[in-house]
> 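What follows is a structure written as structure tokens; I'll ask about it next.
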Amino acid sequence: MPSGPPAEPPEELTSPLAYEGVWRFTAPALEASVPQARHAVRDLLAEQCVPVAAAIMDGLLLIVSELVTNAVRHAALLSPQIAVQVTLGANWLRVAVEDDHPYRPKALEADQGDVGGRGLWLVKTLTAEVGGKCGVEHTRNGGKAIWAELPLIPPATSPPLLL
């Protein structure tokens, strides 16, 4: 039996895929930033040739809209700028929206008559439907980052995303 160091795994198993990486951009905490952030994320995934399923893309863009809207509506007073970070792995993606407001929101189910208040509940639901996860983290500057991590392709057992 030969001895020596273990064989190196083939390069294709250890090298990141061309689209893997982290991208971050900032925007003013204004309503106009909501569609701009959504388009920026969509364009980034297209430019990087990320093989994201259409159902995941639809849910992701809605999640981006909800997270940026929440930051604009609830954190703008203490956070005139927000940041959107997109992290791409081989089989998953993560989007995070960061602001400087310390309040950590909770996902609430709103009553039928409520006009708003369902944003984080919707993010949580969309994420769970495809086997993803979401959460809130404190940032070094005392603010928060709300994130959602999704697979690039939904599991075969997950129901279709209904929008």
> About how many Å separate CZ of R94 and NZ of K133, when rounded to the nearest 0.5 Å?
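The CZ atom of R94 is 8.0 Å from NZ of K133, to the nearest 0.5 Å.
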> Treating Y19 as the side-chain partner and A90 as the backbone partner, does any N or O pair qualify as donor plus acceptor under 3.5 Å?
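Such a contact is found between Y19 side chain and A90 backbone.
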> Hey, are the side chains of L126 and L150 touching, using non-hydrogen atoms and a 4.5 Å cut-off?
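No - every pair of side-chain heavy atoms lies 4.5 Å or more apart.
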> With rounding to the nearest 0.5 Å, note down the distance linking CG in L45 to CG in L60.
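So the CG of L45 and the CG of L60 are separated by 6.0 Å.
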> Are any of the side-chain heavy atoms of N70 and V123 separated by less than 4.5 Å?
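No; the side chains remain at least 4.5 Å from each other.
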> Any heavy-atom pair between the side chains of P151 and V130 that's under 4.5 Å?
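The answer is yes, as the side chains (C-beta and beyond) meet within the 4.5 Å cut-off.
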> I need the minimum non-hydrogen distance between E149 and T127, along with the two atoms involved.
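Smallest interatomic distance, heavy atoms only, reads O-CG2, 3.8 Å.
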> With distance as the sole test, does E66 use its side chain to make a donor-acceptor pair with the main-chain N or O of I63 at under 3.5 Å?
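No.
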> Tell me whether I146 shares a hydrophobic cluster with W92, the cluster being built from Ile, Leu, Val, Met, Phe, Trp, Tyr side chains joined at under 4.5 Å.
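Different clusters.
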> Are F25 and V50 joined in one hydrophobic group, where the rule is that I, L, V, M, F, W and Y side chains link up if heavy atoms are under 4.5 Å apart?
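They do share one cluster, since a chain of ILVMFWY contacts under 4.5 Å joins F25 to V50.
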> Give, for atom CG of D100 and atom CG of N141, the distance between the pair rounded to the nearest 0.5 Å.
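Nearest 0.5 Å value for the CG-CG distance: 4.5 Å.
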> Do E137 and W147 have side chains that get closer than 4.5 Å, going by heavy atoms?
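Yes, side chains in contact.
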> For residues S79 and H101, report the shortest heavy-atom separation together with the two atoms involved.
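The pair with the smallest heavy-atom distance is CB-N, 4.2 Å.
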> Would you name the heavy atoms of A37 and V68 that are closest together and state the gap between them?
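Answer, listing the atom of A37 first, then V68: CB-CG2, 3.8 Å.
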> Looking only at heavy atoms, which two atoms of P51 and I153 are closest? And how far apart?
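Shortest heavy-atom contact: O-CG1, 4.2 Å.
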> Are V41 and V84 close enough that some pair of their side-chain heavy atoms sits under 4.5 Å apart?
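Yes, at least one pair of side-chain atoms sits under 4.5 Å.
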> Do W23 and L88 pass the side chain to side chain contact (heavy atoms under 4.5 Å, CB included) test, and can you show the C-alpha distance, the side-chain angles, and the key distance before you say yes or no?
CA-CA 9 Å; W23 290 262; L88 298 170; 3.4 Å; yes
> Applying side-chain hydrogen bond (donor to acceptor under 3.5 Å, both in side chains) as the test, list every pair that has at least one member in residues 27-50; sequence neighbours left out.
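Output for this query lists R38-S65.
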> Against E98, only a single residue in R140, K144, R24 fulfils salt bridge (Lys or Arg N to Asp or Glu O under 4.0 Å); can you say which?
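Only one of R140, K144, R24 forms a salt bridge (Lys or Arg N to Asp or Glu O under 4.0 Å) with E98, namely R24.
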> Quick one: closest heavy-atom pair of I56 and P154, and the distance?
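Smallest interatomic distance, heavy atoms only, reads CG1-CD, 3.6 Å.
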> Following the transitive rule for hydrophobic clusters with a side-chain heavy-atom cut-off under 4.5 Å over Ile, Leu, Val, Met, Phe, Trp and Tyr, establish whether L30 and V64 coincide in one cluster.
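Each belongs to a different hydrophobic cluster.
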